[in-house]
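The figures here come from the full heavy-atom set of this structure, side chains too, leaving out hydrogens, waters and symmetry mates. Below, chains carry the letters A, B, ... as their sequence lines are ordered, and counting in each starts from 1.
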Protein chains: 2
Amino acid sequence: MNTQEAIGALGALAHDTRLALYRLLVERGPDGLPAGVIADKLHILPSSLTFHLQHLHRARLIRQRRVSRRLFYAADFEAMTELVAYLTKNCCGGAWAPPSCLPVANTAQPKRRSA
Amino acid sequence: MNTQEAIGALGALAHDTRLALYRLLVERGPDGLPAGVIADKLHILPSSLTFHLQHLHRARLIRQRRVSRRLFYAADFEAMTELVAYLTKNCCGGAWAPPSCLPVANTAQPKRRSA
DNA sequence: GTTATATTTCTACCTTACTGGAAATATCAT
DNA sequence: ATGATATTTCCAGTAAGGTAGAAATATAAC
């Protein structure tokens with residue numbers, strides 16, 4: 001993850017609705033949720049939801065897949081891992097985060113089914 | 001660090017100039033740099049610099065102190081530690097970051113002189 | 001007190017981000 | 001094909017963020 005990607009991810013998370021949305025998807029795991037269910041849970045209009053979903057998607061924090069007529073969105077766990085790695089490496093003066101943290105992140109991902 | 005504080009910190013870092021500024025201050029350590037020097041290094045106008053410094057300061061990512069007629073700004077290392085802790089705790093589904101990471105962050109701070 | 005330096009504050013402007021409603025698209029069921 | 005559901009796209013309006021220059025404040029030197 002380079003600086004521009006990090007800025008994109010930080011900006012995507014720096015919003016009430018989007019952070020709540022992202023946390024909801026993380027909580028839900030790799031299966032994710034369809035847009036409609038998310039809209040209900042967060043009480044936002046469909047057009048707003050799409051706007052925020054696309055914002056998170058552009059930042060590669062979430063993934064999209066269609067299941068019949070519904071679009072499911074799921075958190076991209078690698079993205080957060082990379083973001084945290086970027087922050088600890090570049091924004092803590094190297095003083096933070098023992099290297100043992102980084103490998104753990106990958107192995108700790110919930111098992112996914114297809115891709 | 002609560003959600004609103006995290007959003008504030010994320011938003012403060014989610015900008016080209018401010019991220020560069022913050023990283024410059026982290027690199028510099030607890031002594032920090034006077035505003036004028038920062039403006040020179042980042043090639044930005046004084047009024048813009050103040051704008052971004054205040055943004056970072058509001059997010060408690062940097063600290064300010066006056067030395068004679070100059071205002072020094074320095075990174076607040078605890079803030080980044082807390083932000084990373086927040087992200088790993090709340091946005092990685094608990095799957096990330098072994099607890100050993102967190103204490104390390106505090107002990108790894110560069111020694112400061114006064115407060 | 002006057003002058004110079006360092007930084008902030010103020011104001012105006014421009015751009016981008018966000019919200020909300022209506023229309024369009026995609027998929028499925030009949 | 002028609003109708004229903006799920007979601008996106010489009011558009012307009014409003015709010016917030018960022019940039020820039022000029023004026024104001026704070027400190028220091030003379």
Side-chain angles (χ1 to χ4, degrees), chain A residues 3-25 28 31-75 114, chain B residues 3-25 28 31-75 114:
Chain A
T3 299
Q4 286 311 309
E5 290 169 337
I7 289 173
L10 291 166
L13 293 173
H15 186 274
D16 239 329
T17 299
R18 283 194 300 269
L19 186 55
L21 170 39
Y22 183 75
R23 290 177 62 182
L24 176 63
L25 292 181
R28 181 69 180 194
D31 289 354
L33 287 171
V37 173
I38 300 171
D40 286 350
K41 293 213 182 204
L42 302 184
H43 307 105
I44 53 180
L45 293 177
S47 58
S48 280
L49 178 62
T50 296
F51 175 79
H52 292 301
L53 284 171
Q54 287 176 343
H55 200 323
L56 287 166
H57 191 246
R58 248 181 288 127
R60 308 196 186 282
L61 286 165
I62 63 175
R63 290 173 181 174
Q64 184 196 56
R65 76 177 193 281
R66 182 179 283 280
V67 176
S68 140
R69 78 182 95 176
R70 290 183 302 181
L71 282 168
F72 278 71
Y73 288 89
S114 50
Chain B
T3 298
Q4 286 312 308
E5 289 169 337
I7 288 174
L10 290 165
L13 293 173
H15 187 273
D16 239 328
T17 299
R18 284 194 298 271
L19 186 55
L21 169 40
Y22 183 74
R23 291 178 61 182
L24 176 63
L25 292 181
R28 181 69 179 192
D31 289 355
L33 287 171
V37 173
I38 299 171
D40 286 351
K41 293 213 182 207
L42 301 183
H43 308 104
I44 54 180
L45 294 176
S47 57
S48 280
L49 178 63
T50 297
F51 174 80
H52 292 301
L53 285 170
Q54 286 176 341
H55 200 324
L56 286 167
H57 191 246
R58 249 181 286 128
R60 307 195 185 283
L61 286 164
I62 62 175
R63 290 173 182 174
Q64 184 196 55
R65 75 176 194 282
R66 182 178 284 279
V67 177
S68 141
R69 79 182 95 176
R70 290 183 302 181
L71 282 168
F72 279 71
Y73 289 89
S114 50

For [X] and [N], is the shortest distance between a side-chain N/O and OP1 or OP2 below 4.0 Å?
X: R18(A); N: dC18(C); result: yes
X: Y73(A); N: dA6(D); result: no
X: H52(A); N: dA17(C); result: no

Problem - Heavy-atom check, side chain of L61(B) versus side chain of L25(B), under 4.5 Å - result: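 No. Closest side-chain heavy atoms not under 4.5 Å.
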Starting the side chain at C-beta, find the nucleotide from [options] nearest to [X].
X: T50(A); options: dG18(D), dC18(C), dT8(D); answer: dT8(D)
X: R66(A); options: dA26(C), dG18(D), dG21(C); answer: dA26(C)
X: R69(B); options: dT9(D), dT5(C), dG18(D); answer: dT5(C)

Handout entry: Pairwise distance NE2(H15(B)) to CD1(I7(A)) - rounded to 0.5 angstrom
Key =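 Going from NE2 on H15(B) over to CD1 on I7(A), the span is 8.0 Å.
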Within this structure, what is the [atom1]-to-[atom2] distance between [X] and [N], rounded to whole angstrom?
X: F72(A); N: dA26(C); atom1: CZ; atom2: C1'; value: 16 Å
X: H43(B); N: dG18(D); atom1: NE2; atom2: C1'; value: 19 Å
X: D16(B); N: dG17(D); atom1: CG; atom2: P; value: 17 Å
X: Q64(B); N: dA26(D); atom1: CD; atom2: P; value: 13 Å
X: L71(B); N: dT27(D); atom1: CG; atom2: P; value: 9 Å
X: Q54(A); N: dT19(C); atom1: CD; atom2: C1'; value: 15 Å
X: I44(B); N: dT7(C); atom1: CD1; atom2: P; value: 12 Å
X: F51(A); N: dT14(D); atom1: CZ; atom2: P; value: 18 Å

Problem - Toward the 5' end of DNA chain C, by each residue's nearest nucleotide, S68(A) or S47(A) - result: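 This one resolves to S47(A).
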Exercise for the section: Locate the shortest heavy-atom distance separating L10(B) from L10(A); write the atom from each residue and the value. Expected result: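 In terms of heavy atoms, the two residues are closest at CD2-CD2, 3.5 Å.
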Handout entry: Identified side chain to side chain donor-acceptor pair (under 3.5 Å) counterpart of Y73(B) within the set Q64(B), R65(B), R28(B), H57(B)
Key =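 With Y73(B) as partner, Q64(B), R65(B), R28(B), H57(B) yield a single side chain to side chain donor-acceptor pair (under 3.5 Å), made by Q64(B).
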Exercise for the section: Begin from the C-alpha positions of L21(A) and L49(A) and carry the test side-chain contact (heavy atoms from CB on, under 4.5 Å) through to its verdict. Expected result: CA-CA 9 Å; L21(A) 170 39; L49(A) 178 62; 3.9 Å; yes
